[in-house]
Amino acid sequence: MASTDFDLITIGGGLGGAALAKVMADQGARVLVLESETRFRDRVRGEAMVSWGVSEAIDLGIYEILKSAGGWDIEYLEVVLGGGEPVRRHLRTTTKHSAPRFNFYHPDIQEALLQAASDAGASVQRGAWVRHLGKDKTRKVVANSGGSEIEFTARIVVGADGKYSRTRGWAGFQTLENPDLTFCAGLLLDDMSAPEDTTHNFRVFHKSLNALLFPQRSGKVRAYLCYPTAWGEQLSADKDVRRFIDWSIEAGAPEDYFANAIPVGPLASFKSASTWVESPYRDGVALVGDAAGATDPMWGQGLSLTL
């Protein structure tokens, strides 16, 4: 079993793991990123960053990287509550950081950030499946990579492996969570007529329905729908696309926005309850992003908190 030493190992090469790897490699640290996916695929997850998160991205020096990967500045936020009149905000002039919101296609920015981490000097291994985390003073990570089992050691191991983090379990963190009250479903649509400079939020409180529209470029929109788990329906796959659209319209989204829209990504739902650990560091292991704490996505703060 080969062994290689690093200052820092990130388990996971998503937004949090790749951004951390780039920043630390820029500072001269010996960094290894272990990412299980050889190619990032489209799946339902966050693709909208609120204004204070944009400020964090700028401070970290990754904002232009995200923009070059297709990121899209969103100038306006429009909220409609209970079928009332829209309330519209210009974000650059009404936020503390004078920043827009920022939308993107997640697989593209993951690829761009991992490449930026590699360009900064981090070692990046794709298709690396972590099997075990040691508990010695010098942290050991055992992974299958390139058909071989390799042991890596580091001063600090960072779990950047998402809401269902295996690192969190291996390191003995206790996970806390809120009750599951809401499902959030997501679907990527093309040829949607929603304005490209505006994020929309439609809420009908007495039905516990929340529809959100996050435009990307050229008519693509990531649509989300949050609805009660008590309804007993977890929307998924092509069979539920029509119901997803109907419930979004029921929440207040204009019907004409969906008239010519074409699904171009998978429809999937997930439980939206917040999960977290009380302290994201112990015994040489740190947690970042959703591994440390996944907030209810109805509030849209997850990506910003990761940065």
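Please read all numbers here as calculations on a predicted model, not as lab measurements.
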Take a 6.0 Å sphere around [atom1] of [X] and say whether it holds more than 12 heavy atoms from other residues, nucleotides or ligands.
X	atom1	result
Lys96	NZ	no
Trp129	CH2	no
Asn178	CG	yes
Asp238	CG	no
Lys271	NZ	no

Is it the case that the side chain of [X] and the backbone of [Y] share a donor-acceptor pair, with hydrogens and angles ignored and the cut-off at 3.5 Å?
X	Y	result
Ser51	Ala99	yes
Trp72	Glu196	yes
Asp161	Thr167	yes
Ser165	Asp290	no
Gln125	Leu32	no
His106	Gly46	yes

Is the shortest heavy-atom distance from the side chain of [X] to the side chain of [Y] under 4.5 Å?
X	Y	answer
Thr198	Arg88	yes
Arg243	Asp246	no
Leu303	Phe104	yes
Val157	Ile11	yes
Thr199	Leu212	no
Leu34	Phe152	yes
Glu56	Thr306	no
Ile156	Arg139	no

Mind checking what makes ring pair (Phe, Tyr, Trp, His ring centres under 6.0 Å) contact with Phe6, not counting sequence neighbours? none
Straight-line distance of [X] [atom1] to [Y] [atom2], nearest 0.5 Å:
X	Y	atom1	atom2	value
Leu15	Leu66	CG	CG	7.0 Å
Ile245	Leu187	CD1	CG	7.0 Å
Phe183	Ser208	CZ	OG	13.5 Å
Cys184	Leu225	SG	CG	8.0 Å

Taking only residues two or more places apart in sequence or in another chain, which ones pass side-chain hydrogen bond (donor to acceptor under 3.5 Å, both in side chains) with [X]?
X	result
Tyr227	Ser269
Thr175	Arg168
Glu47	Gln216, Arg222
Asn210	Asn201, Arg203

Where [X] and [Y] come nearest, the two heavy atoms and their spacing:
X	Y	value
Gly159	Ala291	O-CB, 3.6 Å
Gly71	Arg217	O-NH2, 2.9 Å
Pro263	Val241	CG-CG1, 3.8 Å
Leu307	Ala19	CD2-CB, 4.3 Å
Leu267	Ala185	CD1-CB, 4.1 Å
Ser304	Met49	OG-CG, 3.5 Å

Can a donor-acceptor pair be found between the side chains of [X] and [Y] at a distance below 3.5 Å?
X	Y	result
Arg126	Thr38	no
Arg89	Thr95	no
Gln301	Trp52	yes

Is any NZ, NE, NH1 or NH2 atom of the basic residue among [X] and [Y] found under 4.0 Å from an Asp or Glu carboxylate oxygen of the other?
X	Y	result
Glu75	Arg92	yes
Arg131	Glu149	no
Arg30	Asp5	no

Please enumerate all residues that pass side-chain contact (heavy atoms from CB on, under 4.5 Å) together with Glu37, with sequence neighbours excluded.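 Partners of Glu37 by the side-chain contact (heavy atoms from CB on, under 4.5 Å) criterion, ordered by chain and then number, come out as Glu35, Phe40, Arg41, Arg43.
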Are Val33 and Val130 co-members of a hydrophobic cluster defined by side-chain heavy atoms under 4.5 Å apart?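 Cluster IDs for Val130 and Val33 differ.
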Are Leu91 and Val54 linked, directly or through other ILVMFWY residues, by side chains that come within less than 4.5 angstrom of each other? no
As a quick check of understanding, evaluate side-chain hydrogen bond (donor to acceptor under 3.5 Å, both in side chains) for Asp180 and Thr229, giving each step before the final call. CA-CA 7 Å; Asp180 291 321; Thr229 56; over 6 Å; no
Please tell me whether Phe214 and His200 form a close aromatic pair, meaning their ring centres lie under 6.0 Å apart. no
